[in-house]
Amino acid sequence: MPELPEVETIKKNLESKLIGQKLKNIIVFNQDFILKNKIKNLNTIVNTKLLSIKRKGKYLIFFFEKETLLFHLGLTGSFNLFSNKDKEEITEKEKKHFILNFQFETHELVYSDIRKFGKIRKARIEEISTLKELKNLGKDALEIDFEEFKTIFLKRNRNIKNLLMDQKVISGLGNIYVNELLFRAQISPFKNSKDLKEKEIKKLFFQMKKLLKEAISFRGSSIKNYVDAQGKKGEFQNRFLVYGKKNMVCLKCGESLRYQKISQRGTFYCPNCQSI
DNA sequence: TTCAGCCTGTCG
DNA sequence: CGACAGGCTGAA
């Protein structure tokens, strides 16, 4: 579900409410999920303060005084902040997917996950960078500079869409934003990375930065499930040019947009604007 | 590099 | 009912 812009939006929400607060208690709603993630002694972070929250790619890392919690939201993971007054408005339907409730001084932070593809890791601060989830992660799409971005395409012989979605190569982009990015950069999703010209790599780089910043400014994209930590939908789905627009008219050229799977992922593109 | 598998929900 | 969904992994 959440790609870089959605995770960044959630991070901002949480930072503004929770930084510096002491975690008073944790309630586990779904013990199976905790077991599956091999989380032991979750309670050792209780009675310590949340010092900072960092994002890398689609991961969120909560830094407590001695330990850290790493989250990946999978497809349907979500955080929800509740103050005491809006707790009564929680529906049974929402409760059904609650995994964890972190009770801070002024707010409760609930992690929910409908499909339970999300991931949690716990590590001491000094161990965090040794987690395989982070060790194998490519540079964050917002942080990478052009020189580094260019090297992604050297010596690689792969489908461009798969390459950009590979978190080990560059982290943060998912299916929505790669579809949108390739359209905006006017590059075919079927193109091989080795065939990109320097000019196209430049275009891809600048469009990527622009797209992600724009999406963040609209607080991410909500297709079905995504809401930010305040329960609000994003707005960037209203700015999509191709994603979810099979058979609709291309706003640039009027051609009918196509849909086809590439490596099992739905791919939307304009055959005219994005010719090979 | 493909493909099932992990899960639940929705849409046609 | 099958197809599909903002992701990722591990096995063939």
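Every chain is numbered from 1 and lettered A, B, ... according to where its sequence line falls, protein lines coming before strand lines.
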* To do: Can you tell me which residue pairs pass the salt bridge (charged side-chain N to carboxylate O under 4.0 Å, His left out) test with a partner in residues 243-263 of chain A, sequence neighbours excluded?
  => none
* Any side-chain N or O of A:Lys261 less than 4.0 Å from the OP1 or OP2 oxygen of C:dA5? -> yes
* To do: For each nucleotide in nucleotides 2-12 of chain B, reading 5' to 3', give B when a protein heavy atom comes within less than 4.0 Å of its base, S when such contact involves only the sugar-phosphate, and - otherwise.
  => SB--BBBSS--
* To do: Inspect the contact between A:Glu198 and A:Lys150 and indicate whether a charged nitrogen and a carboxylate oxygen are less than 4.0 angstrom apart.
  => yes
* Between atom CZ in A:Arg156 and atom P in B:dT1, what is the gap in whole Å? -> 12 Å
* Structure fact -> In whole angstroms, the gap separating P of C:dC8 from CG of A:Leu134 amounts to 13 Å
* To do: Kindly indicate whether the side chain of A:Leu142, heavy atoms from C-beta on, has any atom under 4.5 Å from the side chain of A:Ile216.
  => yes
* Asked: When you check the side-chain N and O atoms of A:Asp166 and A:Asn162, is any donor under 3.5 Å from an acceptor?
  -> no
* In whole angstrom, give the distance that lies between atom NZ of A:Lys56 and atom P of C:dG7. => 19 Å
* Which residue pairs satisfy the side chain to side chain donor-acceptor pair (under 3.5 Å) criterion with at least one member in residues 230-241 of chain A, sequence neighbours excluded? -> A:Glu235-A:Asn238
* Should the pair A:Tyr59 and A:His72 be assigned to parallel (<30°), tilted (30 to 60°) or perpendicular (>60°) ring geometry? -> perpendicular
* When the P atoms of B:dA4 and C:dG2 are considered, how many whole Å apart are they? -> 15 Å
* Whole-Å distance between C:dG7 P and A:Ile223 CD1? -> 11 Å
* **Distance below 4.0 Å between A:Tyr259 side-chain N/O and C:dA5 OP1 or OP2** => yes
* To do: Measure from the side-chain heavy atoms of A:Arg158 and tell me the nearest of B:dT1, C:dG7, C:dC4.
  => B:dT1
* Gap between atoms CZ and P, on A:Phe240 and C:dA5 respectively (whole Å) -> 13 Å
* Any residue meeting ring-ring contact (aromatic ring centres under 6.0 Å, His included) with A:Phe104, in chain and number order, not counting sequence neighbours -> none
* Asked: Whole-Å distance between C:dC8 C1' and A:Glu133 CD?
  -> 11 Å
* Can you name the residues that form a ring-ring contact (aromatic ring centres under 6.0 Å, His included) with A:Phe183, not counting sequence neighbours? -> none
* Structure fact -> Between CG of A:Leu131 and P of C:dC8 the distance, given in whole Å, is 16 Å
* To do: Name the nucleic acid region contacted by A:Glu3, choosing base, sugar-phosphate or nothing; use a 4.0 angstrom heavy-atom cut-off, strictly under.
  => sugar-phosphate
* To do: Residues of residues 163-178 of chain A with any non-hydrogen atom less than 4.0 angstrom from an atom of DNA chain C: list those, numerically ordered, please.
  => A:Gln167, A:Gly174, A:Asn175, A:Ile176
* Side-chain N or O of A:Lys58 closer than 4.0 Å to phosphate OP1/OP2 of C:dC8 -> yes
* Structure fact -> Atom CG of A:Asn179 and atom C1' of C:dG7 are separated, to the nearest Å, by 14 Å
* **A:Ile120 side chain near A:Leu100 side chain, heavy-atom distance below 4.5 Å** => yes
* **Within one Ile-Leu-Val-Met-Phe-Trp-Tyr cluster: A:Ile45 and A:Leu18, side-chain cutoff 4.5 Å** => yes
* Return the nucleotide paired to B:dG5: Watson-Crick means purine N1 to pyrimidine N3 with N6-O4 or O6-N4, wobble means G-U with N1-O2 and O6-N3, both under 3.5 Å. => C:dC8
